[in-house]
Amino acid sequence: MSATIIDGKAFAAKVRAQVADEVSQLKSEHNITPGLAVILVGEDPASEVYVRNKGKQTVEVGMNSYEHKLDASTSEADLLALIDQLNNDPSVHGILCQLPLPDHLNEDLVINSIAPEKDVDGFHISNVGLLGTGQKSMVPCTPLGCLMMLRDHHGSLSGLNAVVVGRSNIVGKPMANLLLRDSCTVTIAHSRTKNIEEVCRAADIVVAAVGRPEMITGDWIGKGATVIDVGINRIPAPERGEGKMRLVGDAHFDSAKEVAGAITPVPGGVGPMTIACLLANTLTACARANNLPEPEGLTA
Ligand code: NDP
């Protein structure tokens with residue numbers, strides 16, 4: 001039997017609609033408009049598209065969007081000065097510095113200079129520590145989106161065996177911490193894991209975050225398991241014409257869906273949830289900054 005397809009595009013639209021409702025209430029009842037500042041250093045074309053999408057969606061849900069495009073040669077001191085200014089600007093509730101940064105800028109230093117309560121990417125060392133110790137924090141957007149879809153599909157995640165394939169700081173590790181917080185039994189697999197297929201096959205939930213096109217095939221998946229595919233890989237698609245490319249995940253969708261109980265597609269799964277969760281995090285940061293109740297269901 002073929003798996004249920006978890007529609008991340010539709011889910012993200014629902015999250016954005018909830019955020020838009022809450023923003024409209026904040027405006028009418030408290031005269032507050034959440035604001036998200038995005039900093040882009042340099043001219044990486046993929047980052048430019050991503051930042052443009054963020055800005056567009058921020059405005060669509062009724063928030064203020066502040067874009068700061070800096071030259072690739074911007075000095076660390078100038079970037080830190082801008083972040084300091086945004087940290088102290090009460091109209092800015094979320095700050096995101098688009099990664100990767102040019103080589104001459106120290107990424108850790110830059111991220112850790114963002115005020116933790118405005119760190120809507122959840123990468124600041126304080127937020128990493130708070131998440132790791134099960135305290136209230138800003139949660140990285142991609143793992144938060146995965147968690148929302150898993151909670152929606154399963155209801156309670158308590159007691160489920162979850163395998164996260166990938167141990168990066170931005171996806172694998174925070175994902176594992178979130179699943180642990182929801183009382184899953186969590187295994188983190190990586191490039192040195194022995195018998196990785198077997199490890200995955202024993203799981204109720206497999207989160208694939210490896211960056212290797214279609215690596216996780218159907219024979220890695222236990223019958224009825226849920227597969228959350230974080231991967232975004234561009235591969236040649238000669239069937240679409242010369243030089244054409246297509247997007248695939250880290251899971252092999254066609255074989256995995258024949259065994260899994262549920263699976264997220266690529267595109268249209270985790271991807272759209274990431275920006276939706278960025279907006280959700282900005283709203284949460286704004287509510288916390290104003291001592292207002294946090295929106296329901298939009299945080300971990
Ligand atoms: P990283 O490259 O930082 O991490 C990849 C992880 O996968 C590493 O921990 C690595 O292990 C592990 N890995 C690599 N090869 C293997 C293998 N053969 N077997 C087992 N584990 C392996 O990637 P990210 O976490 O940043 O991203 C992962 C994927 O998610 C990418 O496809 C990326 O494009 C996508 N992504 C999607 C987002 C979205 O919005 N949907 C957002 C962010 C990322 P080790 O540590 O041992 O080297």
Side-chain angles (χ1 to χ4, degrees), residues 2-3 5-13 16 38-60 65 67 69-74 96-105 107 121 140-143 145-146 149 165-166 168-172 190-191 196-197 200 206-221 227-260 263-278:
S2 203
I5 309 300
I6 300 176
D7 185 345
K9 207 170 157 192
F11 201 115
R16 287 196 305 272
V38 176
I39 303 168
L40 176 63
V41 187
E43 283 158 9
D44 176 58
S47 294
E48 281 191 344
V49 172
Y50 196 45
V51 165
R52 209 170 29 245
N53 280 337
K54 281 173 186 166
K56 186 167 162 272
Q57 294 190 30
T58 305
V59 171
E60 277 169 7
S65 168
E67 270 181 33
K69 289 192 175 176
L70 307 182
D71 197 81
S73 63
T74 299
L96 181 151
C97 189
Q98 183 67 41
L99 303 179
L101 291 172
D103 287 346
H104 67 284
L105 300 170
E107 225 161 75
D121 249 346
C141 303
T142 301
C146 297
M149 291 193 284
V165 191
S168 72
N169 290 336
I170 61 167
V171 188
H190 47 78
S191 65
I196 192 165
E197 292 93 331
C200 289
V206 176
V207 179
V210 270
R212 300 207 179 258
E214 301 180 316
M215 184 182 88
I216 297 173
T217 48
D219 54 342
W220 292 42
I221 305 299
V227 179
I228 302 291
D229 192 351
V230 182
I232 302 177
N233 308 287
R234 207 169 277 281
I235 61 165
E239 71 282 3
R240 294 185 180 177
E242 208 187 307
K244 295 282 183 200
M245 306 290 276
R246 68 186 174 100
L247 287 185
V248 296
D250 291 341
H252 185 269
F253 184 79
D254 285 343
S255 60
K257 83 172 184 341
E258 293 309 316
V259 196
I263 186 167
T264 59
V266 177
V270 175
M273 287 298 286
T274 297
I275 296 184
C277 286
L278 174 68

For residues [X] and [Y], report the shortest heavy-atom separation together with the two atoms involved.
X: Ile221; Y: Ala256; result: CG1-CB, 4.3 Å
X: Ser255; Y: Gly218; result: OG-N, 2.9 Å
X: Cys200; Y: Val206; result: O-CG2, 3.8 Å
X: Pro140; Y: Ile170; result: CB-O, 4.0 Å
X: Pro213; Y: Val248; result: CB-CG2, 3.8 Å
X: Ala251; Y: Val227; result: CB-CG1, 4.1 Å

Distance from [X] atom [atom1] to [Y] atom [atom2], nearest 0.5 Å?
X: Glu258; Y: Thr217; atom1: CD; atom2: OG1; answer: 13.0 Å
X: Asp121; Y: Thr274; atom1: CG; atom2: OG1; answer: 10.0 Å
X: Thr142; Y: Ile232; atom1: OG1; atom2: CD1; answer: 7.5 Å
X: Lys244; Y: Arg234; atom1: NZ; atom2: CZ; answer: 12.0 Å
X: Lys69; Y: Ser47; atom1: NZ; atom2: OG; answer: 11.0 Å
X: Gln57; Y: Arg52; atom1: CD; atom2: CZ; answer: 13.0 Å

Checking the side chain of [X] only, and the main-chain atoms of [Y] only, is there a donor and an acceptor separated by less than 3.5 Å?
X: Asp250; Y: Asp229; answer: no
X: Glu107; Y: Leu101; answer: yes
X: Asn233; Y: Gly249; answer: yes
X: His190; Y: Ser168; answer: no
X: Thr264; Y: Ile228; answer: no

*Heavy atoms from other residues, nucleotides or ligands near CD of Glu197 exceed 12 (cutoff 6.0 Å)*: yes
_Val51 and side chain to side chain contact (heavy atoms under 4.5 Å, CB included): which single residue from Leu96, Ile39, Leu40 fits?_
Leu40
*So, are Glu239 and Arg246 salt-bridged, with charged N and O less than 4.0 Å apart?*
yes
*So do Phe253 and Ile263 actually touch side chain to side chain, heavy atoms under 4.5 Å?*
yes
*Assess whether side chain to side chain contact (heavy atoms under 4.5 Å, CB included) is satisfied between Met215 and Trp220, documenting all intermediate values.*
CA-CA 9 Å; Met215 184 182 88; Trp220 292 42; 3.8 Å; yes
_Worked verdict on Val270 versus Met149 for side chain to side chain contact (heavy atoms under 4.5 Å, CB included)_ = CA-CA 9 Å; Val270 175; Met149 291 193 284; 3.8 Å; yes
